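First the structure, in the form of structure tokens, and then the observations on it.
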Amino acid sequence: MPFFQNTCKPKGAGGKLMVRMMNAGHASLAKWGLSHVNLRSGGSYLDIGCGGGANLKRLLQKDSAGHVTGIDYSEVSVRTSRQLNRRAIRDGRCEVFQGNVMALPFPDVSFDAVTAFETIYFWPDLRTAFRQVYRVLSGGGTFLICNESDGESAGDEKWTDIIQGMRIYTLPQIKEALEDAGFTEIRADQSGNGWLCMVCRKK
């Protein structure tokens, strides 16, 4: 498998290297994205496409009384996330599951907030996936999307050519799919270097 295909679904030795690279390389983006949300103390959070688990750790730090769940469809990502957050897992504050956003294995209204960092590029149907997110969110819950590419940069096509199954969505495309799923109060922020952050709420 070509190395950069591991951004989609990390596998094997290349996948292990990729998730470590993503943990480090996406740190600034993740901190910027999390600055757009306020988390109440003792909340319950879900990070979809948790990769190497760095953002699970950040959520645990942002709410020291909260509980964080990660889900990823890559075995390598799940193992790496569990290893990185082993202390929080031992303490009962974190869980990591293997699963797919298209059929989230959680009951309705399970989480106060859901996050998705650098992952919606690989969701095969945004509307179906966003409806799943809407279902597992509690009323008034927050959904945060954070992308390094906003679909308007000249270099975006390079990555979609290299990585099979990747699609970079524009702000209007994401907003339309969020509205279709029922989300309201949709706010967007775009950085000068092409980063895109969107925050919305369940009714």
Side-chain angles (χ1 to χ4, degrees), residues 6-10 15-99 101 104 106 110-123 129-130 133 136-138 140-150 174 187-191 193-202:
N6 283 292
T7 58
C8 175
K9 189 175 184 180
K16 292 177 183 178
L17 176 59
M18 178 60 75
V19 292
R20 290 198 296 269
M21 290 173 59
M22 289 191 293
N23 274 351
H26 295 159
S28 296
L29 174 75
K31 292 173 183 176
W32 176 74
L34 284 172
S35 72
H36 292 79
V37 293
N38 295 314
L39 306 181
R40 68 175 184 84
S41 180
S44 178
Y45 313 107
L46 172 65
D47 183 39
I48 302 175
C50 59
N55 291 321
L56 300 177
K57 196 163 192 173
R58 292 186 181 95
L59 287 164
L60 288 162
Q61 292 168 344
K62 195 171 177 71
D63 181 357
S64 59
H67 184 278
V68 177
T69 301
I71 188 168
D72 202 292
Y73 68 170
S74 160
E75 293 181 14
V76 167
S77 294
V78 170
R79 286 198 303 269
T80 307
S81 289
R82 286 174 176 167
Q83 176 64 20
L84 185 66
N85 295 283
R86 59 191 179 279
R87 181 174 296 179
I89 292 172
R90 181 198 65 194
D91 294 342
R93 295 190 57 220
C94 181
E95 297 175 282
V96 184
F97 299 96
Q98 186 173 1
V101 66
L104 291 172
F106 307 111
S110 295
F111 303 100
D112 299 305
V114 175
T115 58
F117 295 91
E118 286 284 275
T119 185
I120 71 166
Y121 314 126
F122 309 112
W123 296 2
F130 287 172
V133 174
V136 301
L137 268 175
S138 59
T142 299
F143 181 28
L144 166 69
I145 298 168
C146 197
N147 290 349
E148 197 170 37
S149 300
D150 60 8
I174 300 170
R187 295 181 287 114
D189 186 16
Q190 291 175 280
S191 72
N193 56 357
W195 293 355
L196 172 62
C197 177
M198 299 187 72
V199 181
C200 57
R201 291 192 180 278
K202 180 175 180 176

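As the structure is a computational prediction, the values presented were derived from the model and not from experiment. Atoms considered below: every heavy atom in the structure, side chains included; atoms not considered: hydrogens, waters and symmetry mates.
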(request) Over all heavy atoms of both residues, which pair between Ala116 and Phe143 is shortest? Give the atoms and the distance, please. (result) CB-CE1, 4.1 Å
(message) Quick one about Arg20 and Asn23 (side-chain donor to acceptor, distance below 3.5 Å, no hydrogens or angles considered), yes or no?
(response) no
(request) Mind checking the CZ-SG spacing from Arg82 to Cys94? Nearest 0.5 Å is all I need. (result) 9.5 Å
(message) If we check side-chain contact (heavy atoms from CB on, under 4.5 Å) with Cys197, which of these qualifies: Asp150, Leu34, Leu144?
(response) Leu144
(request) Determine whether Trp195 and Ser28 make a side-chain contact, defined as any pair of heavy atoms from C-beta on separated by less than 4.5 Å. (result) yes
(message) Between Thr119 and Val101, does the side-chain contact (heavy atoms from CB on, under 4.5 Å) criterion hold? Intermediate values first, please.
(response) CA-CA 10 Å; Thr119 185; Val101 66; over 6 Å; no
(request) Drop me the distance from Tyr73's OH to Cys8's SG, to the nearest 0.5 angstrom. (result) 3.5 Å
(request) Supply the atom-to-atom distance Ile145 CD1 to Ile120 CD1, rounded to the nearest 0.5 angstrom. (result) 5.0 Å
(message) As an exercise, state the distance from CG of Asp47 to OG1 of Thr69, rounded to the nearest 0.5 Å.
(response) 10.0 Å
(message) When you compare the side chain of Val37 with that of Thr115, does any pair of heavy atoms fall below 4.5 Å?
(response) no
(request) If a pair satisfies side-chain hydrogen bond (donor to acceptor under 3.5 Å, both in side chains) and one of its residues is in residues 29-38, list it, with sequence neighbours excluded. (result) His36-Asp189
(request) Provide the closest heavy-atom pair for Ser149 versus Glu118 in the form atom of the first, atom of the second, distance. (result) N-OE2, 4.3 Å
(message) If we ignore hydrogens and angles and just use 3.5 Å, is the side chain of Asn85 paired with the main-chain N or O of Gly53 as donor and acceptor?
(response) yes
(message) Measuring only between side-chain heavy atoms, which start at C-beta, is Thr7 closer than 4.5 Å to Tyr121?
(response) no
(message) Just checking Glu75: does its CD atom have more than 12 heavy atoms from other residues, nucleotides or ligands closer to it than 6.0 angstrom?
(response) no
(request) For residues Ala54 and Leu84, report the shortest heavy-atom separation together with the two atoms involved. (result) N-CD2, 3.6 Å
(message) Is it the case that the side chain of Thr142 and the backbone of Asp112 share a donor-acceptor pair, with hydrogens and angles ignored and the cut-off at 3.5 Å?
(response) no
(message) Give me the atom names and distance for the closest heavy-atom approach of Arg40 to Tyr45.
(response) O-OH, 2.8 Å
(message) Return the CZ to CG distance between Arg93 and Asp63, rounded to the nearest 0.5 Å.
(response) 7.0 Å
(request) Please name the pair of heavy atoms, one in Met198 and one in Ile174, separated by the smallest distance, quoted to 0.1 Å. (result) SD-CG2, 3.4 Å
(message) If I take atom CZ from residue Phe111 and atom NZ from residue Lys202, how far apart are they, to the nearest 0.5 angstrom?
(response) 12.0 Å
(request) Looking only at non-hydrogen atoms, find the nearest pair between Asn147 and Leu29 and report the distance. (result) O-CD1, 3.8 Å
(message) For Lys62, is the NZ atom crowded, meaning more than 12 foreign heavy atoms sit under 6.0 Å from it?
(response) yes
(request) Mind checking side chain to side chain contact (heavy atoms under 4.5 Å, CB included) for Ser77 and listing every partner two or more places apart, or none if nothing turns up? (result) Pro10, Val19, Asp72, Ser74
(message) Between Ser81 and Leu56, is the side-chain contact (heavy atoms from CB on, under 4.5 Å) condition met? List the steps.
(response) CA-CA 8 Å; Ser81 289; Leu56 300 177; 4.1 Å; yes
(request) Go through the steps to decide whether Met22 and Phe117 satisfy the test side-chain contact (heavy atoms from CB on, under 4.5 Å), and finish with yes or no. (result) CA-CA 11 Å; Met22 289 191 293; Phe117 295 91; over 6 Å; no
(message) Checking Phe122 now: which residues fulfil ring pair (Phe, Tyr, Trp, His ring centres under 6.0 Å) with it, not counting sequence neighbours?
(response) none
